[in-house]
Novice: 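Below: one structure in structure tokens.
All values below come from the heavy atoms of this structure, side chains included, with hydrogens, waters and symmetry mates left out. Chain letters run A, B, ... following the sequence lines, proteins first, then strands; residues in each count from 1.
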Number of protein chains: 4
Amino acid sequence: MTPTLTSREATGERREERILRAALTEFGRRGFAAAREGMIARLAGVSTATLKQHFPTKEALFREMVRSMVVRTLHQVEPDAAAGLAAESAVRRLREFARWFWQTMDEPEYAALLRLSMVELTRFPELAVFHATEVTGRALRQLERTLADGVAQGEFRIGNTRAAARVILAALITHAHWFAHPEIFSGITGVDRAAAEESVMRVLVEGLRGR
Amino acid sequence: MTPTLTSREATGERREERILRAALTEFGRRGFAAAREGMIARLAGVSTATLKQHFPTKEALFREMVRSMVVRTLHQVEPDAAAGLAAESAVRRLREFARWFWQTMDEPEYAALLRLSMVELTRFPELAVFHATEVTGRALRQLERTLADGVAQGEFRIGNTRAAARVILAALITHAHWFAHPEIFSGITGVDRAAAEESVMRVLVEGLRGR
Amino acid sequence: MTPTLTSREATGERREERILRAALTEFGRRGFAAAREGMIARLAGVSTATLKQHFPTKEALFREMVRSMVVRTLHQVEPDAAAGLAAESAVRRLREFARWFWQTMDEPEYAALLRLSMVELTRFPELAVFHATEVTGRALRQLERTLADGVAQGEFRIGNTRAAARVILAALITHAHWFAHPEIFSGITGVDRAAAEESVMRVLVEGLRGR
Amino acid sequence: MTPTLTSREATGERREERILRAALTEFGRRGFAAAREGMIARLAGVSTATLKQHFPTKEALFREMVRSMVVRTLHQVEPDAAAGLAAESAVRRLREFARWFWQTMDEPEYAALLRLSMVELTRFPELAVFHATEVTGRALRQLERTLADGVAQGEFRIGNTRAAARVILAALITHAHWFAHPEIFSGITGVDRAAAEESVMRVLVEGLRGR
DNA sequence: TATGAATGAGTTTTCATTCAT
DNA sequence: AATGAATGAAAACTCATTCAT
């Protein structure tokens, strides 16, 4: 009754998907140059020749992988993030956003994409633009909306919501990086993942002047 | 009395210096895996064989490069940055710090080191620790001092100066990354480098609550 | 009564014909080794798998192609060439032959076959023999007949008609090659295709002694 | 006393020469596409990597090979061909030329170059031009000189010495090809290598009209 | 010590051929 | 019988590292 998994279309899809996922793993681990197509093929459970039939060059594979993975992995999650929160206090929504953002960036796949978007930026500028648009841009817009709501509700007093959104996102991004590598940074920043949401938000909301 | 510059030791030093500088350029451009020792040798004006005589493996070269470059390029600058500013207003000092930090990260060499510290983190964790200690750690301490002074002078009201310092540095780092690649990010963040110091500082100092 | 063209056999034939023609094109362009079966399949408008079903190996395809193309393309034309000229002057008939030969070798298909017969001679000696028999041999016999007629008619005085036929054909073949690649040879040989028939014939008929 | 063969310069030269010679052998045997660089390396007694250090791509190797081999192999011989014959009878000189030409084209190296100049003509047109200029062009000029001398001495009566030279060379070239592959052609052309010089020359000198 | 040259050990890439539907 | 997909086998190519002078 279950449709055969080996039907042409089904396997085809499955295969490309598996290959792209494997590519993300290997590229994420090693970066573009050091990644080996042979390893990607093995991770995907196909021969190298099959891999090359679907993605003729290493570069094509990388491009496709970023394109599809950014779409596949990020879009399905983000819209939910602020769902049902429109009526909430803006501070609460910011907190939720931070929590969602850090949680998301904790997934190996997202982390790998983030890392690659920085690492291979010089070699693949249009992909960097794509990633920046899809991820940074969306996050900024989301944040700005929340801030504007907060201003409208009298919760915040900020002239430049865009600049504020940038500062928030910037702080979150670097923290995500620190969290992703506690073995490197926890000793230096003394950052406490658990308390971070609270403390970062307090600083951002109150500012250095306090109250 | 003046040591001859052509004495074995002296030229050796000169050579190694040139090689290490070339290595930073090439590794910074391409990352560890894609960098070619041949290119480094050419940039340094020596043969590949000579390069290998000084630094027997690619890894050794990379390690030495990071170690020496972090020390050479960062230490000589940072301590001066806030010198003579102890008496200044803390806000003013933060602004100066931001300006210095972004200016410094604008230099290709520093930017390359920052990028490598993120990119090659997995392959060379102890170097990442080294860099994090020498750069992130120092910057955090500097910032925390300034914040504490601000609190002492009644300028700031912050309970957790360490957390505040982290938020500031985190925001500055991501902005530095955005500034370093305007072709990617300026369209997305709409970030105006000239106005950034002012607007970022305002958000951080005032917070989202304002006043 | 007329067999349906879509009957298995008929379409099969059509397909094979299209494939063989495509094979001649691709093999002619690239030679045996560099030719790709995939390209032949595409030129013939079938899948590679279908191609392989008709001609299981590259070699088999090549052999079949040469065999059938030599027969298909050369035989239908040559016999007619000198038809009805038996009564003509032998010089006139030689001229006609040259014209026909060069015209024929101008067709891409014939030129390709000629080229392949030289190029792949080592790899497929029996095909080279086949081609030599069917083309060179026939042409030689034709020429020798004409020469013999010329001698009989008192037009020519040659002891060794076979040797003479060889010299004529040899000259025609190389000229055909020069004509086929004017971009290479026209500057070097200064050969004028239009005047060639006249000047070559004059030399051959008169000889170097003249008159 | 003998200079060391392993001195840098000496081996370098020797090596490249050996590689180029090996390349001629392999390319000549198989054509460009089917030739394997690994085989060339083995024939030359070096590793594939060494081969690639001297000639980075298969194409570069092929180009260099043709360029240097045409020069090396043809130039050293041809000038001698007509040496001391200026005073001879023109017929005699033509006969000498034919003998020299066929002998030369009998050497595997020359034969290979001739074959390649036809085979790879489409892929490397500028090499074909080079070869045509250096070989066909030179031969034509040499022949034309001889013919002009013959006319001046009253031995020949030809209006168009250039056309005559072309016809002669054309006949010689195809004959050379036939001689090079007796297993293919001897049965078909009935060509007798030993008698060829005599019979071909007679036809060319006397023409079909005789006397 | 400096270096031109050589190479081992991989990696990418290509393609005829096979498999499964 | 026709074909999309998969792959084994072979080749090109790259580069860190070693060797010999």
Novice: Could you work out which one of F:dT17, F:dG8, E:dA16 sits closest to the side chain of B:Lys52?
Specialist: F:dT17

Novice: Using the closest heavy atom to pick a nucleotide of DNA chain E for each, name whichever of A:Glu37 or A:Gln53 lands nearer the 5' end.
Specialist: A:Glu37

Novice: Could you tell me whether D:Arg63 atom CZ has more than 12 heavy atoms of other residues or ligands within 6.0 Å of it?
Specialist: yes

Novice: Rounded to the nearest Å, what distance is computed from the CE atom of residue B:Met39 to the P atom of nucleotide F:dA16?
Specialist: 11 Å

Novice: If you look at every strand shown and take non-hydrogen atoms under 4.0 Å, does B:Thr57 touch a base, only sugar-phosphate, or nothing?
Specialist: sugar-phosphate

Novice: Taking the side chain of D:Ser47 as heavy atoms from C-beta outward, which of E:dT17, E:dT7, F:dC19 is closest to it?
Specialist: E:dT7

Novice: Rounded to whole Å, how long is the line connecting atom CD1 of C:Ile19 with atom P of F:dA2?
Specialist: 8 Å

Novice: Look at all strands and tell whether A:Ala35 reaches a base, only sugar-phosphate, or nothing, counting heavy atoms closer than 4.0 Å.
Specialist: sugar-phosphate

Novice: Under 4.0 Å between a Lys/Arg side-chain N and an Asp/Glu carboxylate O for D:Arg123 and D:Glu120?
Specialist: yes

Novice: Does the plane of the ring in A:Phe32 sit parallel, tilted or perpendicular to the ring in A:Phe62? Use 30° and 60° as the thresholds.
Specialist: perpendicular

Novice: Taking for each residue the nucleotide of DNA chain E with the nearest heavy atom, is it C:Ala33 or A:Arg36 whose nucleotide lies nearer the 5' end?
Specialist: A:Arg36

Novice: Check the pair B:Phe124, B:Val66 against side-chain contact (heavy atoms from CB on, under 4.5 Å), reporting the backbone distance first and the verdict last.
Specialist: CA-CA 10 Å; B:Phe124 301 99; B:Val66 174; over 6 Å; no

Novice: Expressed in angstrom and rounded to an integer, what is the separation of B:Phe62 atom CZ from F:dC15 atom C1'?
Specialist: 18 Å

Novice: Checking contacts here: which listed nucleotide (E:dT12, F:dT3, F:dT17) is nearest the side-chain heavy atoms of C:Val46?
Specialist: F:dT3

Novice: Mind checking if C:Lys58 touches a base, just sugar-phosphate, or nothing, with heavy atoms under 4.0 Å?
Specialist: sugar-phosphate

Novice: Look at the side chain of D:His54 and decide which nucleotide, out of F:dT14, E:dA6, E:dT17, has an atom nearest to it.
Specialist: E:dA6

Novice: Could you check how far CZ of A:Arg14 sits from C1' of F:dG4, rounded to whole Å?
Specialist: 18 Å

Novice: Quickly work out the A:Phe55 CZ to E:dT14 C1' distance and round it to whole Å.
Specialist: 18 Å

Novice: With a 4.0 Å cutoff (strictly under), does any side-chain N or O of A:Thr50 reach OP1 or OP2 of F:dT7?
Specialist: yes

Novice: What does E:dT21 pair with, Watson-Crick or G-U, if both distances are under 3.5 Å?
Specialist: F:dA2

Novice: Can you tell me the distance, in whole Å, between the CZ atom of B:Arg18 and the C1' atom of E:dA2?
Specialist: 13 Å

Novice: Tell me the interatomic distance from D:Arg15, atom CZ, to E:dA6, atom C1', rounded to whole angstroms.
Specialist: 7 Å

Novice: Mind running side-chain contact (heavy atoms from CB on, under 4.5 Å) on D:Met39 and D:Arg29 for me, showing each step along the way?
Specialist: CA-CA 11 Å; D:Met39 176 56 79; D:Arg29 266 211 250 286; 5.8 Å; no

Novice: A:Arg42 has an atom CZ; how far is it from atom P of F:dT7, in whole Å?
Specialist: 14 Å

Novice: Nearest-nucleotide wise, let me know which of D:Thr48 and B:Ala49 is further upstream toward the 5' end of DNA chain F.
Specialist: D:Thr48

